[in-house]
Amino acid sequence: MSPHVTVSLPDGSTRELDETATVLDLAKAIGPRLAKAALAGVVNGREVDLSHPLATGDQVAVVTETSAEGREILRHSTAHLMAQAVTRLWPGARYAIGPVISDGFYYDFELPDDQRFSEADLERIEAEMRAIVAEDQPFVREEHSVAEGLALFGDQPFKQEIITSVGADATEVDAAPEEVGGAVVVSTYRNSEAFIDLCRGPHVPSTGRLGHFKLMRVAGAYWRGDEKRPQLQRIYGTAFESKAELEAHLFRLEEAERRDHRKLGAELDLFSFPEEIGSGLAVFHPRGGTIRRLMEEYSRSRHLEGGYQFVNTPHITKGDLFQTSGHLQWFADGMFPPMELDGGTQYYLKPMNCPFHVLIFKSRQRSYRELPLRFFEFGSVYRYELSGAVHGLTRVRGMTQDDAHIFCTREQMVGELHRTVAFILDLLRAFGLTDFYLELSTKPEGKAVGTDEEWSEATAALSEVAAEAGIDVVLDPGGGAFYGPKISVQAKDAIGRTHQMSTVQLDFQTPQRFEAEYVGADNARHRPIMIHRALFGSVERFMAVLIEHYAGALPTWLHPEQVAILPVRDDHADYAHEVAALLMSKGVRVVVEGASEPLGARIRKAKMDKLPYVLVVGDDDVANQTVGINARGAADPMRGVAVEDFATRLLEEIATRSLEQFEVR
RNA sequence: GCCUGGGUAGCUCAGUCGGUAGAGCAACGCACUCGUAAUGCGUAGGUCAGGGGUUCGAAUCCCCUCUCAGGCUCCA
């Protein structure tokens with residue numbers, strides 16, 4: 001054996017090291033700064049600890065704390081740190097899994113004697129974690145056989161279950177057992193005599209490398225996500241490589257809270273959820289109602305241009321309709337229970353519009369010459385959402401979908417799908433959402449109608465369209481509706497969160513179940529394909545996303561109150577109303593606030609309502625037919641702008657549905 | 001639906017050991033008439049989410065229901 005090992009680095013270069021060299025030794029050989037920032041390594045594509053020994057021929061990369069991988073290692077190690085703190089504070093606590101999630105980590109616990117974590121406990125746990133950081137305990141990797149592993153975790157039933165389930169579920173997030181050369185190896189990390197955890201690794205070398213963390217909240221979670229299994233207590237936390245990064249993250253969370261549509265909806269007097277009506281059922285106040293109307297009017301005009309025909313259907317129906325459609329078989333849990341009328345006939349509130357649109361299609365004989373037929377409706381639907389699922393405007397029990405169903409031939413199908421995706425993206429962009437990716441949801445196993453052939457043809461058609469849309473596509477296996485696969489458009493908002501917006505679903509089943517037909521050029525009967533699609537998804541959810549995207553400061557064309565006019569004194573009120581009348585005659589939404597309060601207070605109110613333009617009119621303005629403009633977001637107000645100038649630029653901004661306000665100089 | 005934590009005036013919140021309800025903002029009224037993010041004074045507003053229980057006495061302790069938040073599950 002040679003006294004040296006030779007390894008290669010990501011840049012293609014090679015290094016010679018002592019034969020006992022580890023990843024850390026390699027980092028030291030490259031440079032002291034790298035050694036200091038190093039957390040782990042990647043050897044031949046596999047993440048390993050810094051203490052991992054190197055062999056000749058290894059491809060090695062050093063993972064530093066500022067990389068995405070480094071952050072994950074930091075967070076995963078912090079999860080272990082938290083578990084140890086919990087077991088110190090609650091002797092006999094059982095710990096289950098503690099994986100890394102997108103913005104941090106969690107760990108699931110079961111405390112002895114049915115004890116519960118409280119929010120106040122989080123601080124105690126954090127303090128204990130800091131103590132363990134100060135102790136600078138090493139993370140020591142050990143490898144065991146399955147039998148040894150089971151013995152080691154004799155009092156930890158969740159860990160034992162993970163160990164025994166190896167092979168059956170080797171992808172378990174936090175599972176340690178791995179098949180190495182045919183034998184199952186159970187790897188563990190020991191921090192101290194008292195604390196050892198099952199883990200694949202890698203980890204930071206010692207707890208002293210951790211420290212910039214915060215425990216966020218405690219919540220319940222079912223063991224293995226199965227509601228029939230015990231519910232554990234989950235503690236969520238986050239960790240970063242530096243205090244500054246941690247604080248920046250916490251600031252982003254506060255920013256999200258500031259933008260919360262539920263908070264802004266109340267503050268801006270847009271909508272409310274009166275308890276008298278029921279959970280998940282919103283009422284829209286005049287301002288919120290105006291926003292809805294503007295959204296709907298624009299949508300209608302686009303749909304007219306897009307070749308859609310407008311239809312209307314009722315909110316309730318006899319149960320037979322949903323028997324035929326399959327909803328009662330597959331979607332009954334999501335429906336309100338029936339009401340019995342007319343001597344026993346069951347009527348249901350509708351959870352979806354599709355069966356109604358099929359009946360319109362079937363109302364007379366259809367020719368291939370008519371296809372594609374595109375039926376559009378703002379259709380209100382009612383779904384019995386679980387009480388714990390209801391959330392602001394984004395998850396409600398009564399909502400209005402901008403719903404359409406396209407009936408077309410098999411030959412037209414792919415073309416219609418392309419056209420629909422382009423139509424959707426164009427409309428979303430008009431509302432200022434520009435950063436998208438597509439999600440392709442496939443057959444939900446065990447909860448679907450139709451043959452495998454139909455599903456695979458539909459899925460193939462959708463994936464072809466998704467791939468050609470020119471934006472990223474991610475797969476969502478099993479996420480389709482019971483009648484067909486779907487593409488959903490996920491849009492990123494101003495602070496980088498993604499929201500599911502539009503969906504396009506391909507459906508071979510509903511036309512069959514309803515025996516919908518058209519007469520082809522061959523004078524024979526054929527079955528149409530149905531495409532379900534909604535762009536807003538629901539008007540309510542879309543409004544919520546817009547409110548959060550714009551933090552309540554909607555673009556002028558969408559704002560319920562576009563201009564406020566404030567007379568400096570009461571004797572300027574006539575002029576203020578004159579300017580208001582001029583703007584209102586052009587369709588501008590204007591409010592005038594008389595001088596019953598000081599000017600500063602009135603400006604402040606208009607600003608807090610996020611009005612795009614606040615106009616102040618005083619002596620000079622009355623004399624010169626001008627206004628003072630205090631624009632939203634502008635550093636300084638502008639005095640003496642001719643009314644005509646302001647009106648022209650404002651009307652231009654509104655007519656083009658500009659997302660930006662014009663510059664006031 | 002399940003877990004944890006909440007629900008006191010329109011909003012944000014205080015309310016000690018169980019002794020009978022409080023502030024700021026908002027609203028309303030009056031005065032003020034002001035040039036770019038809070039004028040002053042006053043008035044009104046609450047079956048303390050609802051119901052039941054314990055107690056001489058409950059916002060406060062116990063039980064049930066409703067509802068909200070954060071999760072789990074689910075989803076437009």
For this session: Any salt bridge (Lys or Arg N to Asp or Glu O under 4.0 Å) involving residues 96-111 of chain A? Give me the pairs, sequence neighbours left out, ordered by first then second residue.
Result: A:Arg94-A:Glu110, A:Asp108-A:Arg234
Counting any heavy atom closer than 4.0 Å, what does [X] reach on the DNA or RNA strands: base, sugar-phosphate only, or nothing?
X	result
A:Gly600	sugar-phosphate
A:Val614	nothing
A:Asp571	nothing
A:Ala601	sugar-phosphate
A:Asp333	nothing

Nearest to the side chain of [X], heavy atoms from C-beta on, is which of [options]?
X	options	value
A:Lys607	B:G35, B:A37, B:A76	B:A37
A:Ala595	B:C34, B:C68, B:U36	B:C34
A:Ser279	B:U33, B:U67, B:G70	B:U67
A:Leu599	B:A76, B:U36, B:A38	B:U36
A:Arg395	B:C75, B:C34, B:A38	B:C75
A:Leu386	B:A76, B:G1, B:A38	B:G1

In whole Å, what separates the [atom1] atom of [N] from that of [M]?
N	M	atom1	value
B:G51	B:U43	P	31 Å
B:C62	B:U55	P	16 Å
B:A38	B:A23	P	25 Å
B:C64	B:G10	P	29 Å
B:C11	B:U73	C1'	33 Å
B:G6	B:C63	P	14 Å
B:C25	B:C41	P	10 Å

Exercise. Short question: side chain of A:Arg287, backbone of A:Phe271 - any donor-acceptor pair under 3.5 Å?
Worked result: no
Exercise. Can any side-chain N or O of A:His249 pair as donor or acceptor with the backbone N or O of A:Gly104 at less than 3.5 Å?
Worked result: no
For a quick test of reading the model: is some side-chain N or O of [X] closer than 4.0 Å to OP1 or OP2 of [N]?
X	N	result
A:Lys486	B:A76	yes
A:Lys605	B:A27	yes
A:Ser488	B:A76	no
A:Tyr236	B:C72	yes
A:Arg217	B:G6	no
A:Thr503	B:A76	no
A:Arg569	B:C34	yes
A:His391	B:C75	no

In whole Å, I'd like the distance from the [atom1] atom of [X] to the [atom2] atom of [N].
X	N	atom1	atom2	result
A:Arg397	B:C66	CZ	P	10 Å
A:Phe109	B:G71	CZ	P	18 Å
A:Arg262	B:C11	CZ	C1'	16 Å
A:Glu385	B:U67	CD	C1'	17 Å
A:Glu597	B:A26	CD	C1'	11 Å
A:Asp621	B:U36	CG	P	12 Å
A:Arg602	B:U39	CZ	P	10 Å
A:Leu428	B:A76	CG	C1'	13 Å

Exercise. Residues two or more places apart in sequence or in another chain: which of them pass side chain to side chain contact (heavy atoms under 4.5 Å, CB included) with A:Val592?
Worked result: A:Ile565, A:Pro567, A:Ala576, A:His577, A:Ala580
Sort out the partner of [N] for me: Watson-Crick or G-U wobble, both distances under 3.5 Å, none otherwise.
N	answer
B:U54	none
B:C66	B:G7
B:A27	B:U43
B:A21	none
B:U33	none
B:G1	B:C72

For this session: Assert yes or no for the condition that the ring centre distance of A:Phe375 to A:His405 is strictly below 6.0 Å.
Result: no
For this session: State yes or no: are the ring centers of A:Tyr95 and A:Phe109 separated by less than 6.0 Å?
Result: no
Problem set entry | Whether A:Phe378 and A:Phe536 hold their rings parallel, tilted or perpendicular, with breakpoints at 30° and 60° | parallel
Exercise. With under 30° as parallel and over 60° as perpendicular, where do the rings of A:Phe662 and A:Tyr613 fit, or are they tilted in between?
Worked result: parallel
Seminar exercise, completed: When A:Ser387 and A:Ala481 are each assigned the nearest nucleotide of RNA chain B, the 5'-most assignment goes to A:Ser387
Just the atom pairs and distances: protein N or O near nucleotides 44-46 of chain B's N or O, under 3.5 Å.
none

Donor-acceptor pairs under 3.5 Å, side chain of residues 326-338 of chain A to any protein atom, not counting sequence neighbours: which ones?
from	atom 1	to	atom 2	distance (Å)
A:His327	ND1	A:Ser325	OG	2.6

Seminar exercise, completed: CZ (A:Arg300) and CD (A:Glu297) are apart, to the nearest 0.5 Å, by 7.5 Å
Exercise. Going by atom types only, do A:Gln505 and A:Arg533 share a side-chain donor-acceptor pair under 3.5 Å?
Worked result: no
Problem set entry | A:Thr313-A:His357 side chain donor-acceptor pair, cut-off 3.5 Å | no
Are any protein N/O atoms closer than 3.5 Å to N/O atoms in nucleotides 48-50 of chain B? If there are, list each pair with its distance.
none

Contacts under 3.5 angstrom, residues 432-442 of chain A side chains, donor-acceptor by atom type, not counting sequence neighbours:
from	atom 1	to	atom 2	distance (Å)
A:Ser441	OG	A:Asp476	OD2	2.7
A:Thr442	OG1	A:Gly478	N	2.9

Exercise. Is any NZ, NE, NH1 or NH2 atom of the basic residue among A:Asp621 and A:Arg639 found under 4.0 Å from an Asp or Glu carboxylate oxygen of the other?
Worked result: no
